[in-house]
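Below is one structure, written out as structure tokens; comments come after it.
Every heavy atom of this structure was used, including side-chain atoms; hydrogens, water molecules and symmetry mates were not. Just so it is clear: chains get the letters A, B, ... in the order the sequence lines come, proteins before strands, and each one is counted from 1.
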Amino acid sequence: MPSTFHTLEREREFKFPSKTGSNAEELQKLSEPHVESFNAIFHVEGSKDGKGLLDRAVEDISPCVIFDGKDSNGSKGNKLKFWIEEVNVGKPSVMCDGHSKLLYPYECRERGITYKSKMQAKFCWTVNDGPENSEVKNLGYLPIMVRSSKCNLYGLSSAELIKKREDSEEFGGYFVINGIERLIRLLIIPRRNNPIALIRSSFQNRGPTYTHFGVSIRCARPDQTSQTVTIHYCTDGNVTLRFIYRKQEYMVPLMLILKSLVECSDKEIFERVIMGNSDREVQDTFVTDRMELLLRDFKKFNLYNREQCLAYLGTKFHVMMDSPDDMNALEVGKEFLKRVILVHLNDDREKFNILIFMLQKLYALVAGKCVPDNPDSPMNQEVLLGGFLYLAHIKEKLVDILAAIKGQINQDIRRGLASVDFFNLKYIQKVMSKVNVDVGRKMEFFLATGNLITNTGLDLQQVSGYTVVAEKLNYYRYLSHFRSIHRGSFFAELKTTSVRKLLPEAWGFLCPVHTPDGGPCGLLNHLSHKCKIITSEYDISNLPKLIISLGVSPIYLNPVITEKQITLSDEDKTNEDLMEQTIMVMIDGKVIGWCSAKKAKEVADTLRFWKVNGRNNVPLDIELAFIPPSRGGQYPGLFIFTTMSRMMRPVKYLANGKKDMVGSLEQVYMEIACLNEDIVPGVTTHQDFAPTDMLSVIANMTPFSDFNQSPRNLYQCQMGKQTMGTPAHNLPSRTDNKMYRLQTGQTPIVRPKMHDKYKLDYYPNGMNAVVAVISYTGYDMEDAMILNKSSEERGFGHGVIYKSHFIDLTEKCPKGEPNACYFKFQQNTSNLRNLEEIEKAKQTLDQDGLPIIGAKLTTGCALYSYFDETSGQTKIVKYKEIEDGFVQEVRALGDESNNRGFQKAQIKIRITRRPIIGDKFSSRHGQKGVCSLKWPMVDMPFSESGIVPDVIINPHAFPSRMTIGMFVESMAGKSGALHGIAQDSTPFQFSEDHQTAVDYFGEQLKAAGYNYYGNEPMYSGITGKEFKADIYLGVVYYQRLRHMVSDKYQVRTTGPVHNLTQQPVKGRKRAGGIRFGEMERDSLIAHGVSYTLQDRLMNCSDYSQAYVCKKCGSILSPMAVPNTTVVPSKRESVVCGTCNTHKYIDLISVPYVFRYLCTELLSMKIRLKLEVD
Amino acid sequence: MNDISLSAITGFDSGPTVQLKELESDHIKFSLSNVDLSVANGIRRAMIADVPTMAIDLVEIETNTTVLTDEFIAHRLGLIPLTSTDVDKNFAYTRECNCTDYCNLCSVELNLNVKCTEDRTMEVTSRELISQNDNIVPVTIDDQDPGILIAKMRKGQELKLKCIAKKGTGKEHAKWSPVCGVGFDYDPYNKLRHTTYWIEDDEKTEWPLSENAKEEQPPIEGEPFDYNAVPNKFYYKFETTGSMEAKDVVLSSLNILQAKFDELRNELKREQNMNQYN
């Protein structure tokens, strides 16, 4: 029988890594949203023209137009039109000995440089619309995402990755910036092209008459940048459209936009809004009244046709749009509509239609016929992918370049420089060279800091915190960085907690347990492991036709509405009546037509059947959200989404058992069962593939999490990420500042199926421990745990820390001067003074000035030495850490210029960390504890078979925490160890009515000759007597957490004091003291131990003696005078400066800060008077 | 076992009896009757923590170009069991030895010098450890036994080191313990009611009887509980690490216990004598 632990398979995979793909394909998929979104910059998957987002962005940038004012043709002078074309990005490479060689991420990590490649753009210009000139310019070096299509690791197999000094499972998705791996966080943003109804009190602050009603839509351009517009309802019946352009807020009457979009009469607009109800007796006059007001109000503008409206817009927005001077108002108006208003659509008629729809929704909201949409619900959200944000930032930087060129030329013109000559190639080139075109550096800054320096705001709510370091503390933590999704730092400061709520709509998209507790709780979520983010486009050109053919009426026809629909109010309508109601059908925010809700449901069902079966070219990844009419529920309609960035998840389509992809909006209105027993015949259409689909990768790793109280699973998600484990396999080519590694990691006996699926056995994170639940010595009180000393001696929990020291000799020299330092250790020196020091340094240093590999370093040892040419001295730098370490690796780091030898070095030091008292451990059930004692094996309790527990924990850890999963794991682990099988601990496998987990594992234990419930009689190791109670003994997987006393203990007797106050300094690093604060002081006062109080606050702190003049009460006036008497007595040498006598001088002890206080007060002309007896 | 007179201490009329059930070189199963619980447990404890064996204690690494770190290899070497028959007699504890550092009387030198020259993964095992004392060598089961894996090497890697094995006990470090866990059991029917079995439904189905139960009389229904009964038959079962014969571990432990008692007796006597003089 093959091992259920797959040990041999794993060994084979390690020995012969896959030469064609990856050893762990599932693991590779985890970074897909990052990598694919970055790839889309250069090539959008599924796009028709094969262009990338970058090409689209460049096309979208409007050319800049400049007039030189030289009166040759017309008053404006010569016209220079300037634009960018063909932005190209190469593959990362580096110059080496005069020729270029490919640069790989490992080199960047080791050398502490950025993984980037050359970026070029073609700058084109015409003068007076004449022939086109162009010049290719370098835009600097653009940081490249690892394993993206521009990365040199793209498409490499596991075997090839190992050759490039990467992990066999490297999945990329991050950038290497100065040797540090950073990634752009996924961010939740409003769903694009989806009008949402909002009620926000802040809308009332927009101006007088503004109400809290609004309908907002975030429109995305083809290059994934977006522009949000909101329409507001005003108390005077007016409706205005609000948008933010270059961080400036603008409000435009909606009627003005409507009328400038299409040539239409008031009647037409009226009819469109009330959908053909105009010629009938309308009972509900709410909308008609408002429409009348709206139309009447617009009369004050005296604009009667489209051209007038456009020209009006043009005059108003000419400055905002920064339009060319030769553009007339009409064109500016058109340009404004194209660039700002509903940018996801090209056609003005379509824009008009969606605005009408938004107006209808707004009126429904105001009338209370629909509820506001919840912007915090995943149904109205999508994901801002790293690649798209990156691109948006690049686009803005390109726009900035054009603006800078324009500014430069305008400046030259203003100064009246004679050299300004548009026809002169040299001049244009000179202007271009003056402008900073280094986009790469700006992008590097963005990635290094996470700060967005932007003029437009990019339609986002925050300017910082976009990138994080992908820490490789252990593999769980590393992996969850790529799955984490943030709500935005704006919401972190929000006092209301509604954004943090876990909503049922998030089922299957965001993990309900994997979120931190405390500050970012509910804001920093993690994707469910099956959740997919769409990163490709689909050809949906036939979709509108298909929909029309299914019976949807095109928008230009007005619906015929039955008498019943009009006369009955929503409350009186039956469900059938409701389904007769006319609703809109939209694709990606484009109105296709209308039909009855009943028809729309048919259309949705048919399309779903087609998409699941792959018929009629309906792609699987589109979302068909049919929102049925309701009595005051969400605004109805059939909304189809096909765009990128949406969250989708796979579910089983029950009709044929095939996979269907479901989006977050449609899911709310679908009938999806989770378990078999949830299926309601005739209602349920879909079913989850597995109930664990809703959990994130990390949450899935908690064994039997369905048995635990939910917060414990949440804690485990946190602790799994703080565990000492196996961070990577390419440790020799990693240079992380600090890395934790468990020496004796094991595969868990009890693990969920997902553990094997994601091949997490590659990265062991803990060890199987025999755990007895017993209150034994008293050393296991309050979550402490007793460790078996002998187990520890045999290797239990042994770990190491790798610490890196980066040395840059260029920093040793004053800035601006040439580097005069180089690594060297001169052993024979004539200087006798530091002979001893040099002798000592010989033990750890080599002649090159760098430490010997394997050398043991203790505090005060030489770490490295260098020779300073200016002073002619060899300087030895010492190892300052308290803990002993061993030199693991030494790396000489050169740079491309390579003219002075290497100036930088990196020394990796290994610090061994065997478990000691005070180190933290935890099971996988949020049960953490501190090792309180290492108890020898002979004294430990033992079972009849002679088994001695590795860990003893207290039974009191269970009643209040209710981590039953840990009990089950203990039983499962025990029987697994006895039978030699890996136990499946996937949650939701057992049920009360079928076979309980206890029975399943109990039978196994019984078969091995053990007690059914996992108990065993145990004997005291000290006396050999059987315990009064039998003990729950089993095998539990234990994690060693990275919090260790060696990093935390703080102790001092005397030590450094603060300069100003003479009080002990704070901070462990500076050997400071622990603050004895106000509350501690209070308790001493309460105890009445005043002597202790004085000892703590004065004698052990800033005790000082000061002279005081008893007459004037000052401690500042007494001053020492030179001794004149032959036999000086102490007191006489001090004289009060104000009283001019020494008679009243006395010596008192005061805290030193008191003296400081006195001088500070003095500087504010406040005198402090002491009354001394 | 004439020299062991436990009956004086145990308080049992008849002397202790040992019933041997299984004996092989590396494991043993026996029962011990007519002794007090404290003595029985004392033997158990002595076997784990007091029986001296040899184990590698110092490692001087000359060359280590393997992927494993020095201290990790040293730790692994320490845990390799070395044949330690008669270590008790033949070696002294280094701390008690007359030498300044270590010498042949208190330690054994083992050397390891391996270099991988072939283009394949090479396994360095305990068989490569060359001992200077033929009696103290790494444990192997038979000739086919490949030995205990120390490290794996690829072409060009080298491991050269000198190990000093010293005498020690499990009390000091687990590597000197000659046994794996020691199975220890008494009163399989729980007649003495030292423990209480947790029962959900039925004791018979939930609590399988220990294999030692067949050695004892099952309790009779309605039998009155004997308050004064004490455990007197103890079942031992253990496996050694291979460093010593199972039998020798037991004997050695008894010697150690006896030596301890002797020491105690001598001390008491001296105390008595001193009191007499005073």
Side-chain angles (χ1 to χ4, degrees), chain A residues 15 731-732 741 743-744 770 788-796 798 800 802 853-854 856 886 888 910 912 914 936-940 942-948 998 1002-1003 1005-1032, chain B residues 37-50 61 64 67-72 75-76 78-79 121 170-175 177 179-188 190 192-201 205-212 231 234-239:
Chain A
K15 272 185 175 167
L731 291 173
R741 184 188 180 190
Q743 285 281 18
T744 50
V770 177
N788 184 333
K789 181 165 162 280
S790 306
S791 302
E792 187 270 324
E793 283 164 357
R794 290 183 178 114
F796 182 86
H798 282 204
V800 286
Y802 297 108
I853 289 178
K856 186 179 183 182
F886 299 91
Q888 169 89 10
R910 178 178 78 242
T912 54
R914 285 172 60 160
M937 181 179 147
V938 272
D939 297 332
M940 285 290 252
F942 58 95
S943 77
E944 276 169 10
S945 47
I947 296 291
V948 184
V998 174
E1003 290 298 336
L1005 282 176
K1006 208 177 143 193
Y1010 282 78
N1011 168 253
Y1012 194 84
Y1013 291 105
N1015 288 340
E1016 265 183 75
M1018 286 187 91
Y1019 297 77
S1020 161
I1022 299 162
T1023 65
K1025 197 178 169 191
E1026 210 168 359
F1027 288 135
K1028 200 75 195 160
D1030 45 24
I1031 306 300
Y1032 195 68
Chain B
L37 172 61
S38 55
V39 176
N41 187 45
I43 295 170
R44 184 193 73 90
R45 289 173 60 93
M47 287 192 295
I48 295 170
D50 290 324
I61 293 175
N64 172 19
V67 290
L68 301 179
T69 59
D70 296 356
E71 68 273 6
F72 188 64
H75 178 244
R76 286 180 77 85
L79 293 174
T121 309
K171 202 186 276 179
E172 210 174 322
H173 192 284
K175 68 185 172 187
S177 186
V179 292
C180 309
V182 177
F184 178 86
D185 182 13
Y186 67 86
D187 187 24
N190 194 25
L192 304 169
R193 301 195 190 170
H194 277 189
T195 191
T196 37
Y197 289 137
W198 178 266
I199 300 150
E200 291 279 332
D201 302 307
T205 55
E206 290 169 24
W207 285 96
L209 280 175
S210 125
E211 58 171 324
N212 301 321
F234 303 93
Y235 306 91
Y236 293 82
K237 179 181 146 190
F238 67 84
E239 202 180 336

So which part of [X] gets closer than 4.5 Å to some heavy atom of chain A, the side chain, the backbone, both or neither?
X: B:Thr196; value: both
X: B:Arg193; value: backbone
X: B:Phe72; value: side chain
X: B:Asp50; value: neither
X: B:Tyr186; value: both
X: B:Thr205; value: both
X: B:His75; value: side chain
X: B:Glu239; value: neither

Here's one to test your reading of the geometry: is the NZ or CZ of B:Arg44 within 45 degrees of the ring axis of A:Phe942 and under 6.0 Å from its centre?
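Yes, B:Arg44 and A:Phe942 form such a contact.
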
Checking A:Glu1026 side chain against B:His194 main chain: does a donor-acceptor pair fall under 3.5 Å?
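Checking the backbone N and O of B:His194 against the side chain of A:Glu1026, no donor-acceptor pair under 3.5 Å is found.
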
Once rounded to the nearest 0.5 Å, what's the spacing between atom [atom1] of [X] and atom [atom2] of [Y]?
X: A:Met1018; Y: B:Thr195; atom1: CE; atom2: OG1; answer: 11.0 Å
X: A:Lys1025; Y: B:Leu192; atom1: NZ; atom2: CG; answer: 9.5 Å
X: B:Glu200; Y: A:Asn1011; atom1: CD; atom2: CG; answer: 9.5 Å
X: A:Arg914; Y: B:Glu71; atom1: CZ; atom2: CD; answer: 11.0 Å
X: A:Arg794; Y: B:His173; atom1: CZ; atom2: NE2; answer: 9.0 Å
X: A:Arg741; Y: B:Thr69; atom1: CZ; atom2: OG1; answer: 7.5 Å

Does any heavy atom of chain B fall under 4.5 Å from the side chain of [X], the backbone, both, or neither of them?
X: A:Phe886; value: side chain
X: A:Lys15; value: neither
X: A:Ser791; value: neither
X: A:Glu1016; value: backbone
X: A:Ser945; value: backbone

Is B:Lys171 atom NZ crowded by more than 12 heavy atoms from other residues, nucleotides or ligands, each under 6.0 Å away?
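Incorrect, the count does not exceed 12.
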
Smallest heavy-atom separation, B:Leu37 atom then A:Thr1023 atom, equals CG-O, 3.9 Å

For chain B, which candidate among A:Ile853, A:Asp939, A:Thr744 shows the most heavy-atom pairs at distances under 4.5 Å?
A:Asp939

A:Pro1017, A:Pro732, A:Ser790, A:Gly1021: which one forms the most heavy-atom pairs within less than 4.5 Å of chain B?
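The residue among A:Pro1017, A:Pro732, A:Ser790, A:Gly1021 with the greatest pair count is A:Gly1021.
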
Between B:Tyr197 and A:Asn1015, is any pair of side-chain heavy atoms under 4.5 Å apart?
no

Does A:Glu944 reach the side chain of B:Asn212, with side-chain heavy atoms less than 4.5 Å apart?
no

Pair B:Asp185, A:Tyr1019: side-chain N/O donor-acceptor within cut-off below 3.5 Å
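B:Asp185 vs A:Tyr1019: donor-acceptor pair found between side chains.
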
